[in-house]
Amino acid sequence: MLEIANIRNNAEEVKGRLAVKNFKELNLVDEAIVIDAKRRSIQLVLDENLNKQNIIAKEIGELFKQGKKTEADARKQDSASLKEQSKELEAELAKNEEALKDILVRIPNTPHKSVPVGKTPEENEVVKQVGEIPALHAAAQPHWDLAKKYDLFDLELGVKLTGAGFPVYKGKGAKLQRALVAFFLDNAIDAGYLEVIPPHMVNADSAFGTGQLPDKEGQMYYIGLDQFYMIPTAEVPVTNMVRDEILDGLPKKFVAYSPCFRREAGSYGKDVRGLNRVHQFEKVEIVQIAHPDKSYEVLEEMVKHVEGLLQKLELPYRILRLCGGDMSFGSALTYDFEVYSAAQKRWLEVSSVSNFETFQSNRMKVRFRDELKKTRLVHTLNGSALALPRIVASLLENHQVEDGVNIPAALQPYTVYNKIV
RNA sequence: GGAAAGAUGCCAGAGUGGUUGAAUGGAACAGUCUCGAAAACUGUCUUAGUCGCAAGGCUAACGAGGGUUCGAAUCCCUCUCUUUCCGCCA
């Protein structure tokens, strides 16, 4: 949610930035300004009214003390009409505040200056590409076939238990999940992140804070009986840990492992083969709560961290700076990481690292005190480090040899086995 | 699931209708003192909205939402949460 003061003071610039995101409803910006002006004018009159009421109340108190009961009673009359007016004004103010918020939540975050213009994923900017694309042997297979061959995970069994997109990992496949989670967590802890294990369901306030609500209900599983949402990412509970707080000691660095639940309504076809797209998956997420003047340095640091992981896993990867049209609603700048999956011969997104600037902190009221002891909104950032299924897909496909799948050296202390046979 | 108690500022903790945005203590910050530190003393010390160039003013908030009243942290109603006890249970 953009800050209304920013919209008010820089309307044209805001609109210009939103255009980069291909946001069509620029009229919402003007509407917000109109309603905001109305809201303030109402507040002005209301405050004056309440002030008068307060003065009268004090006078009556004084008169009672002096025993002037008749005069006090007379004074009470004066309050009646003011009170009536105040009630109406209050109702009107509340209506305007609500209307303003309804508009503000529909306006996406303004993209950073470095965000390339573009509408489709093809227009994302490839920042860099690292690592050799492996040349596989003639009988190389995609990961879903390898999974069958070595009995690593079973999607059909998941269908029986739950439905499509809920894999059952088995044997070395299951161990590989645990190994990757531990490997990712340890790397983040070494980089100064505090490990947390968050709840896997959140309430509506939390879902609103990070921007899942309103409008994106359809992407989350919902427990109606208790009004809980299954988390689509640990970003939601972890970022909300600082909701409504005034922090010191920035940046705050958190890392969390959690399962992630995504309905992925409407996606099907070749893209969802194997582990390419599932409804439940494991992910290690890094989150930073940063000083607004430092947040882009923090973003670079997070990008470096993710890169380090991919290098240790010996996977070819590339980093994309997302264009305006491909960015998420709340992000100001996003880097996507893709690994090459050699048997499928395609790039798979395994991480998304974003700076939300004050988009989330304004919703969550997360602040810190600046040098002048004034409260200011923090910047929030998060990134996958990393999401497991596609890492597993790429790991299996890229590291396969004729008689098995090799495990990268960095991961061997965690898997204990060094080859899947 | 049943019963009871409670929810006040960074923390502890007063306050049961009229200068209480909130006593007191602690913490924190600044200053005096000191070679430095401690102690002592002095001061500062909630947040948000709004008006103002500023100084500063006004309004709101004592778990949340309603109500009574000229006036509520204080009275009434609803809800939420916490703690303790009982039951159930990993």
Side-chain angles (χ1 to χ4, degrees), chain A residues 1-9 32-105 197-209 213 223-229 237 240-250 252 259 289 292 358 360-378:
Chain A
M1 192 161 75
L2 296 178
E3 295 161 75
I4 184 62
N6 181 33
I7 292 180
R8 195 192 297 147
N9 299 329
I33 289 171
V34 170
I35 292 181
D36 176 54
K38 197 169 166 204
R39 175 192 128 250
R40 282 183 295 151
S41 73
I42 294 169
Q43 176 131 70
L44 208 59
V45 182
L46 174 63
D47 283 355
E48 254 170 53
N49 239 352
L50 291 172
N51 181 225
K52 282 182 199 158
Q53 283 174 239
N54 285 341
I55 289 169
I56 291 173
K58 270 182 195 144
E59 285 172 1
I60 291 174
E62 205 52 45
L63 290 171
F64 265 118
K65 255 184 216 157
Q66 296 168 13
K68 300 177 180 167
K69 193 167 177 311
T70 4
E71 290 174 46
D73 283 339
R75 219 61 190 95
K76 284 186 192 180
Q77 308 292 328
D78 303 336
S79 207
S81 71
L82 284 172
K83 203 176 167 185
E84 197 67 33
Q85 284 174 34
S86 294
K87 218 167 184 176
E88 281 170 31
L89 287 165
E90 257 166 17
E92 211 176 324
L93 183 66
K95 218 173 70 189
N96 271 271
E97 281 173 344
E98 204 178 316
L100 180 59
K101 192 175 175 188
D102 280 348
I103 288 176
L104 289 179
V105 298
I197 301 180
H200 299 163
M201 302 181 205
V202 293
N203 57 31
D205 285 344
S206 295
F208 174 81
L213 293 180
I223 313 290
L225 197 57
D226 296 292
Q227 295 168 284
F228 292 152
Y229 296 86
N240 272 281
M241 291 197 302
V242 296
R243 190 173 74 222
D244 291 317
E245 301 282 347
I246 297 174
L247 303 168
D248 44 35
L250 297 179
K252 302 275 180 200
I289 313 297
T358 60
Q360 293 179 329
S361 62
N362 188 34
R363 290 170 161 238
M364 290 190 285
K365 298 284 169 280
V366 189
R367 293 149 296 165
F368 73 103
R369 264 178 237 287
D370 66 13
E371 315 73 50
L372 302 169
K373 303 269 164 107
K374 286 273 182 201
T375 58
R376 269 176 80 187
L377 294 172
V378 299

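In the text below, chain A, chain B and the rest are named by the order of the sequence lines, each starting its count at 1.
- The residue Arg376(A) sits apart from the nucleic acid: no heavy atom pair falls under 4.0 Å.
- You'll find the side chain of Gln360(A) stays beyond 4.5 Å of the side chain of Val366(A), heavy atoms only.
- Nucleotide rA27(B): unpaired (no Watson-Crick or G-U wobble partner with both distances less than 3.5 Å).
- Summarising the geometry, atom CD1 belonging to Ile56(A) is positioned 11.5 Å from atom CG belonging to Leu63(A); distances are rounded to the nearest 0.5 Å.
- Along RNA chain B, read 5' to 3', the first and last nucleotides having any atom under 4.0 Å from a heavy atom of chain A are rG18(B) to rG71(B).
- Comparing Lys58(A) and Gln43(A), the nucleotide of RNA chain B nearest to each residue sits closer to the 5' end for Lys58(A).
- Taking the C1' atoms as reference points, rC53(B) lies 23 Å from rA48(B), given to the whole Å.
- Here CG of Leu46(A) is found 12.0 Å from CZ of Arg39(A). Values are rounded to the nearest 0.5 Å.
- Scanning for ring pair (Phe, Tyr, Trp, His ring centres under 6.0 Å) contacts around Phe208(A) gives an empty result, with sequence neighbours left out.
- Near RNA chain B, defined here as any heavy-atom distance below 4.0 Å, the residues from residues 48-55 of chain A are Leu50(A), Asn51(A), Asn54(A), listed numerically.
- Using a 4.0 Å cutoff on non-hydrogen atoms, no part of residues 84-96 of chain A comes near RNA chain B.
- Once rounded to the nearest 0.5 Å, the distance linking CD1 of Ile4(A) with CG of Asn9(A) reads 9.5 Å.
- At a threshold of 4.5 Å between non-hydrogen side-chain atoms, the residues Leu50(A) and Ser86(A) count as touching.
- The partner of rC33(B) is absent, by the rule that a Watson-Crick or G-U pair needs both atom distances under 3.5 Å.
- The residue among Ala57(A) and Ile246(A) whose nearest nucleotide of RNA chain B is located toward the 5' end is Ala57(A).
- Shown here, rA73(B) forms no base pair; nothing in the strands shown gives a Watson-Crick or G-U wobble contact with both key distances under 3.5 Å.
- A 3.5 Å limit on both hydrogen-bonding distances identifies rU46(B) as the Watson-Crick or G-U partner of rA61(B).
- With P as the reference atom, rG63(B) and rA14(B) are 15 Å apart, rounded to whole Å.
- Nucleotides rC75(B) and rC58(B) place their C1' atoms 28 Å apart, quoted to the nearest Å.
- rA72(B) and rG18(B) have their P atoms separated by 11 Å, with the value rounded to a whole Å.
- The shortest non-hydrogen separation linking Pro199(A) to Pro237(A) is O-CG, 3.7 Å.
- Using the Watson-Crick or G-U wobble rule with both distances under 3.5 Å, rC85(B) pairs with rG2(B).
- Between the CG atom in Asn362(A) and the CG atom in Leu377(A) there is a gap of 5.5 Å [rounded to 0.5 Å].
- For the residue pair Ala99(A) and Ile35(A), the shortest heavy atom distance occurs at CB-CD1, 4.0 Å.
- Across the strands present, rA7(B) finds its partner in rU80(B); the criterion is a Watson-Crick or G-U wobble pair with both atom distances under 3.5 angstrom.
- The distance from the OG atom of Ser41(A) to the CG atom of Leu93(A) is 9.5 Å, given to the nearest 0.5 Å.
- Remark: the separation of the C1' atoms in rU24(B) and rG1(B) is 43 Å, to the nearest Å.
- For rA22(B) and rC45(B), the P atoms lie 11 Å apart once the distance is rounded to whole Å.
- Pairing of rC53(B), defined by two Watson-Crick or G-U wobble distances under 3.5 Å, is not identified with any nucleotide.
- Closest approach of Phe368(A) and Pro292(A) over heavy atoms only: CE2-CD, 3.3 Å.
- With P as the reference atom, rG6(B) and rA90(B) are 34 Å apart, rounded to whole Å.
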Donor-acceptor pairs are to be reported for all side-chain atoms of residues 240-250 of chain A against protein atoms at under 3.5 Å, with residues two or more places apart or in another chain.
from      : atom 1 : to        : atom 2 : distance (Å)
Asn240(A) : OD1    : Arg243(A) : NH1    : 3.0
Asn240(A) : ND2    : Ser206(A) : O      : 2.8
Asn240(A) : ND2    : Val236(A) : O      : 2.8
Arg243(A) : NH1    : Ser206(A) : OG     : 3.0

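- A gap of 15 Å separates the C1' atoms of rU8(B) and rU47(B), to the nearest Å.
- Note on Lys83(A): a base of the nucleic acid sits closer than 4.0 angstrom, heavy atoms only.
- Applying the side-chain hydrogen bond (donor to acceptor under 3.5 Å, both in side chains) definition to pairs two or more places apart or across chains, none involves residues 87-103 of chain A.
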